[in-house]
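Atoms considered below: every heavy atom in the structure, side chains included; atoms not considered: hydrogens, waters and symmetry mates. Convention: sequence-line order gives letters A, B, ...; per-chain numbering from 1.
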Protein chains: 2
Amino acid sequence: MKIGELSRATGTNVETIRYYERIGLLPEPARSAANYRSYGPDHRARLVFVRHSRELGFTIEEIRSLLDLSDDPTRDCTEADRIASAHLAQVEDKIAQLSLLRDELKRIVGRCRGGLAGDCRVIEALADHSQCESQH
Amino acid sequence: MKIGELSRATGTNVETIRYYERIGLLPEPARSAANYRSYGPDHRARLVFVRHSRELGFTIEEIRSLLDLSDDPTRDCTEADRIASAHLAQVEDKIAQLSLLRDELKRIVGRCRGGLAGDCRVIEALADHSQCESQH
DNA sequence: CTTGACCCTGTAGTTGCTACAGGGTGCATA
DNA sequence: TATGCACCCTGTAGCAACTACAGGGTCAAG
C-alpha cells in the first residue's frame, strides 16, 4: 500500500508517517519504480502500535523502548510494565495538578461584575498569588 | 534592580525574563552605564502577573490580552472573565481526557506477569486498540 | 591582578508534529 | 494527444514556551 492508503487506514497524517520514518520509529519501506513508499501489514501494525501509544500519552522515547521490547520477544517484559507504570504515575500527577488549577480558576472566574478593568477581580487575582488557596 | 535580582525575586529564569522582553510581554527596561537591564517595582509586578498566569496555564497570547486589559483600566472587563472561563473549560476538558487515559493505563498496567516480551499483555494491549474500553 | 559572579547578544536546541515550496508520477477525461 | 488532478517525493521552516550554550564584557573582593 502507498503512504496515502496507510494514512487513511490508520488515521495518521502522511507527514507524520514520514516523520516517524525519519526519526527511526518506523523502518524504511520498500520503494516502487516511481520511488513511492510501499507498505505491508507489518508496517501497518507497527504504526497502529505507535499511534495507540501516543494516544495514551507515551513519549516517542518511551515508544521506542516499547517497540524494542516487542521486537525481541525473548526479552524480559517487566521493563514494559515499568514504563507503563511510570507513565500512569505521571498522568495521575498531571490530573492532580490540573485539579488544583481548576479549583483556583473556578474561584477566579465569575468574580467579574462586568465593570471596568481597573476594578476587575479576575485581573487582580492574577496579579496577586497570595489570593490563591493552594500551591499550583 | 538587575536581572539576576528580579530573577530571584520572582523565581523566574533569567533567560525567561529576556525571552518575555523579546516577545514584547515585558517592556524594555532602562539600562545602566554598563548596558545592564535595570528594573523597578512595575516591571516586577508585571512579571509576577505573567508568571502567575502561566502557572495557571494561560497561554502567552491569553496573557497578552489580559495585560492589555490591565494596562487600560477604563476598558470593559468582561473580556478578562471570558478568557478565564474559556481557559477553565479547557482545563476541565483536559482533566476529563486524562482521566479516561488513566483508566485505560490502569487496566493495562499490572497485567504483566514478568514473563517474556513475546507474551506481554502490556505490549499486546498497546498493539490492539480494540482492547480499550473508551475512546481516548 | 586575577578570580568569580554576574551581565550582554545571538543562535540553536527541545517535543511532536505540521505546513509549505518546488518538483515528479499516474490515471481519467476532452 | 493534451491536460487536469490527485497523489507522491525531498528538504526546510514553523509552532509554544522556553532552555542552553558560545563568545564576549563588567565589576567588586582578595
Side-chain angles (χ1 to χ4, degrees), chain A residues 1-26 28-39 43 46-67 83 86-87 90-91 94 97 101 136, chain B residues 1-26 28-39 43 46-67 83 86-87 90-91 94 97 101 136:
Chain A
M1 75 199 317
K2 287 192 282 183
I3 199 168
E5 296 169 75
L6 182 62
S7 165
R8 281 186 295 277
T10 60
T12 311
N13 203 318
V14 165
E15 325 268 58
T16 304
I17 298 174
R18 286 197 281 248
Y19 168 71
Y20 287 158
E21 180 184 327
R22 199 161 62 243
I23 64 172
L25 218 53
L26 297 182
E28 293 185 19
R31 298 287 184 134
S32 76
N35 199 32
Y36 288 7
R37 286 171 179 82
S38 176
Y39 297 99
H43 290 102
R46 198 176 177 91
L47 180 53
V48 164
F49 185 104
V50 170
R51 290 311 296 170
H52 190 203
S53 302
R54 284 294 299 134
E55 278 165 21
L56 288 167
F58 289 94
T59 67
I60 297 282
E61 289 315 306
E62 285 166 339
I63 296 170
R64 217 185 277 281
S65 302
L66 291 166
L67 282 169
I83 293 172
H87 181 53
Q90 270 179 39
V91 169
K94 188 78 189 172
Q97 191 199 325
L101 220 134
H136 47 84
Chain B
M1 71 200 322
K2 286 192 283 184
I3 199 167
E5 296 169 76
L6 181 63
S7 165
R8 281 184 296 276
T10 61
T12 311
N13 203 318
V14 165
E15 325 268 58
T16 304
I17 298 174
R18 286 197 281 248
Y19 168 70
Y20 287 159
E21 180 184 327
R22 201 160 60 245
I23 64 172
L25 217 52
L26 297 182
E28 292 186 19
R31 298 288 184 132
S32 75
N35 200 32
Y36 288 7
R37 286 172 179 81
S38 175
Y39 297 98
H43 290 103
R46 197 176 179 93
L47 180 53
V48 164
F49 185 103
V50 170
R51 290 311 296 170
H52 190 204
S53 303
R54 285 294 299 133
E55 278 164 23
L56 288 167
F58 289 94
T59 66
I60 298 282
E61 289 316 306
E62 285 167 340
I63 296 170
R64 218 185 276 279
S65 302
L66 290 167
L67 281 170
I83 294 171
H87 181 54
Q90 270 179 38
V91 169
K94 188 78 191 174
Q97 192 199 323
L101 220 134
H136 48 83

Asker: Could you encode protein contacts along nucleotides 2-17 of chain C as a string, one character per nucleotide from 5' to 3', using B for base contact, S for sugar-phosphate-only contact and - for no contact, with a heavy-atom cut-off of under 4.0 Å?
Answerer: ----BSSB------BB
Asker: Just to verify, what does B/S7 make a side-chain contact (heavy atoms from CB on, under 4.5 Å) with, not counting sequence neighbours?
Answerer: B/V14, B/I17
Asker: Without hydrogens or angle criteria, can the side chains of B/Y20 and B/R51 be said to hold a donor-acceptor pair below 3.5 Å?
Answerer: yes
Asker: Working to the nearest 0.5 angstrom, can you tell me the gap between A/T10 OG1 and A/F49 CZ?
Answerer: 15.0 Å
Asker: Side chains of A/N13 and A/Y19: closer than 4.5 Å at any heavy-atom pair?
Answerer: no
Asker: Where the side chain of B/H87 meets the backbone of B/E62, is there a donor-acceptor pair that is under 3.5 Å apart?
Answerer: no
